Each structure stands twice: as C-alpha cells, then as structure tokens.
There are 2 protein chains.
Amino acid sequence: MDNKNEVNYSCPIEYTMNLIAGKWKLVILWHLSQEKVMRYGEIKKSLNNITHKMLSQQLKELEADGFIHRKAYSQIPPKVEYSLTSLGESFFPILESISKWGKHHFKENEK
Amino acid sequence: MDNKNEVNYSCPIEYTMNLIAGKWKLVILWHLSQEKVMRYGEIKKSLNNITHKMLSQQLKELEADGFIHRKAYSQIPPKVEYSLTSLGESFFPILESISKWGKHHFKENEK
DNA sequence: CTGTATCCGCCGAGATACTG
DNA sequence: CAGTATCTCGGCGGATACAG
C-alpha cells in the first residue's frame with residue numbers, strides 16, 4: 001500500500017523548495033534578518049522591480065507560513081512593521097550560504 | 001550618475017535567486033550531488049510530478065549556466081549521463097543547509 | 001531512451017483604481 | 001502609508017505527437 005493520495009516528497013529539498021520557491025521570498029527574509037524590523041515601504045525600496053501587488057502577496061504568504069510577524073499600528077497614515085519569527089530565523093543558515101555563494105560568483109561578472 | 005541601465009542587484013541573494021529560482025533546479029542538483037552520475041530516466045524517476053518537457057527544459061538551462069555536464073553516447077537507443085560541473089558542486093553548502101532545514105521541519109508535519 | 005515541436009488552458013503578475 | 005480588488009495579457013507548463 002503506497003501513499004498515493006499524499007504528496008510524496010522524495011527528498012527534503014523538494015519539501016523546502018515548495019515553501020520558499022520563487023524569486024522574492026528568500027530575498028525578503030534576508031533583508032529582515034539584516035535589519036530586524038522593517039516597514040512595508042522599506043522592504044519595497046530594498047527590492048528591485050517588485051510590484052506593490054507582488055510584495056503584499058509574498059508578505060501575506062510568508063506570514064501565513066509563520067515565517068514573519070506583522071505588527072500594525074492603528075493610525076492614519078498606517079504603519080506596519082515586519083520582523084522574523086523564530087521559525088523565520090531558522091532560515092539563516094540557508095540565507096548565509098546563498099549570500100556567500102552570490103558574493104563569490106557575482107564578482108566574476110563585474111567589469 | 002547611477003547605473004540605471006543595468007540590473008542593480010541590491011544583494012547577493014537576489015543575484016543567486018535569479019539563477020536557481022523555481023521548484024526543480026536545486027532538487028536536480030541535489031540528486032546529482034548524491035549520485036554523482038545519473039541518466040535522464042533516473043533523474044526523472046527521482047522527481048515527483050515533473051513532466052518530460054519541464055525536465056529537459058531545466059536540464060538545458062542548468063547546462064547552459066554551466067552547472068551540469070551532459071555526456072551523450074551515440075547509440076540506439078540513446079544514453080545520456082548527467083553530472084555536476086565544479087561550478088555545480090559549489091552549490092553543495094546551499095543544498096546541504098536546505099536539506100538540513102527540510103529534514104528538521106518536515107518531521108514535525110508527519111503523522 | 002532521450003529530445004524537440006506544437007497546441008492550448010490557466011494562472012502569475014503588471015497596471016490601475018479605490019479604501020481606511 | 002499600507003492593503004485590496006479588478007481587469008488584462010503573456011507566458012509557464014501540461015498533453016501529445018514525432019524524430020533520431
């Protein structure tokens with residue numbers, strides 16, 4: 001009897017990638033891990049070419065997955081602060097290894 | 001004078017993610033790092049729900065980016081072996097940290 | 001067995017406008 | 001300032017067939 005009706009993750013990478021795949025999530029987590037607390041507008045400025053819609057969408061998913069915490073101040077104009085949860089912080093080793101790789105291999109493409 | 005006409009990678013993560021984003025690439029690299037040499041059919045079997053088209057596409061991109069090496073035997077039926085290049089092997093720290101994260105956090109979702 | 005080509009439905013993602 | 005809703009469209013990705 002096989003588990004036909006379940007998603008069968010053949011490996012942990014597949015499992016993880018289904019949580020963080022996409023161009024933006026890890027980048028957002030990375031900035032939050034550096035700055036600790038960031039407002040919506042700050043996050044937007046730190047990313048290239050991300051649209052308003054995409055960013056709110058990604059933030060919502062990250063929050064739903066329990067990776068980030070959202071604190072809204074009830075005021076006009078609104079102010080919202082984002083920060084990593086402890087689960088979000090558990091990505092730090094991944095973020096570091098990717099950042100390290102990027103730094104190393106990006107240099108070779110610079111003029 | 002700002003570099004307006006260039007893609008401005010605000011951080012190394014963004015740079016790297018544009019190379020390996022997507023659900024499949026890291027999974028493929030991971031299996032190759034474990035098995036060293038795999039035939040097309042072996043890779044396909046090791047992945048869940050990937051279609052023929054998607055796999056050839058991903059393999060082609062990985063080869064174009066210099067992450068994997070492709071060795072074709074001129075025979076009928078054909079035989080093709082894929083393996084990591086040294087650049088591909090440089091992803092190992094990333095793969096390891098993701099695998100480690102997945103193993104740890106996947107357990108908590110098992111029954 | 002491995003790879004390419006074509007057709008096509010669906011949804012990711014941009015643009016825009018509106019709300020509190 | 002932060003977020004939602006609607007409309008729209010290109011292209012991702014599945015199914016299928018064909019080639020070597």
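Being a predicted model, the structure only gives us computed values, none of them experimental. Side-chain atoms are counted along with the backbone in the values below, which use heavy atoms only and exclude waters and symmetry mates. In what follows, chains carry the letters A, B, and so on, assigned in the order in which the sequence lines appear, proteins first and then strands, with residues in each chain numbered from 1.
- Between A:Arg70 and D:dA2 there is no side-chain N or O to OP1 or OP2 distance below 4.0 Å.
- Among the atoms of the strands shown, none is found under 4.0 Å from any heavy atom of B:Tyr73.
- Taking 4.0 angstrom as the limit, B:Tyr82 places none of its side-chain polar atoms (N or O) nearer than this to OP1 or OP2 of C:dC1.
- Using modelled atom types, one side-chain atom of A:Thr85 and one backbone atom of A:Gly66 make a donor-acceptor pair closer than 3.5 Å.
- B:Arg39 has a side-chain polar atom (N or O) that falls below the 4.0 Å cut-off from OP1 or OP2 of C:dT2.
- Using a 4.0 Å cut-off between charged side-chain N and carboxylate O, B:Glu61 and B:Lys25 make a salt bridge.
- Residue B:Ser56 is in base contact, counting any heavy-atom pair closer than 4.0 Å across all strands shown.
- Between C:dG14 and A:Thr51, a contact under 4.0 Å exists linking OP1 or OP2 to a side-chain N or O.
- Relative to the axis of its first five pairs, the axis of the last five pairs of the helix from C:dC1-D:dG20 to C:dG20-D:dC1 sits at 40°, rounded to 10 degrees.
- Panel note: side chain A:Ser97, backbone A:Pro93; a donor-acceptor pair is recorded below 3.5 Å.
- The side chain to side chain donor-acceptor pair (under 3.5 Å) check on B:Ser90 picks up A:Trp101, with sequence neighbours excluded.
- Computed from coordinates, the B:Glu61 CD to C:dT4 C1' distance equals 15 Å when rounded to whole Å.
- A donor-acceptor contact under 3.5 Å is formed by the side chain of B:His52 with the base of C:dG3.
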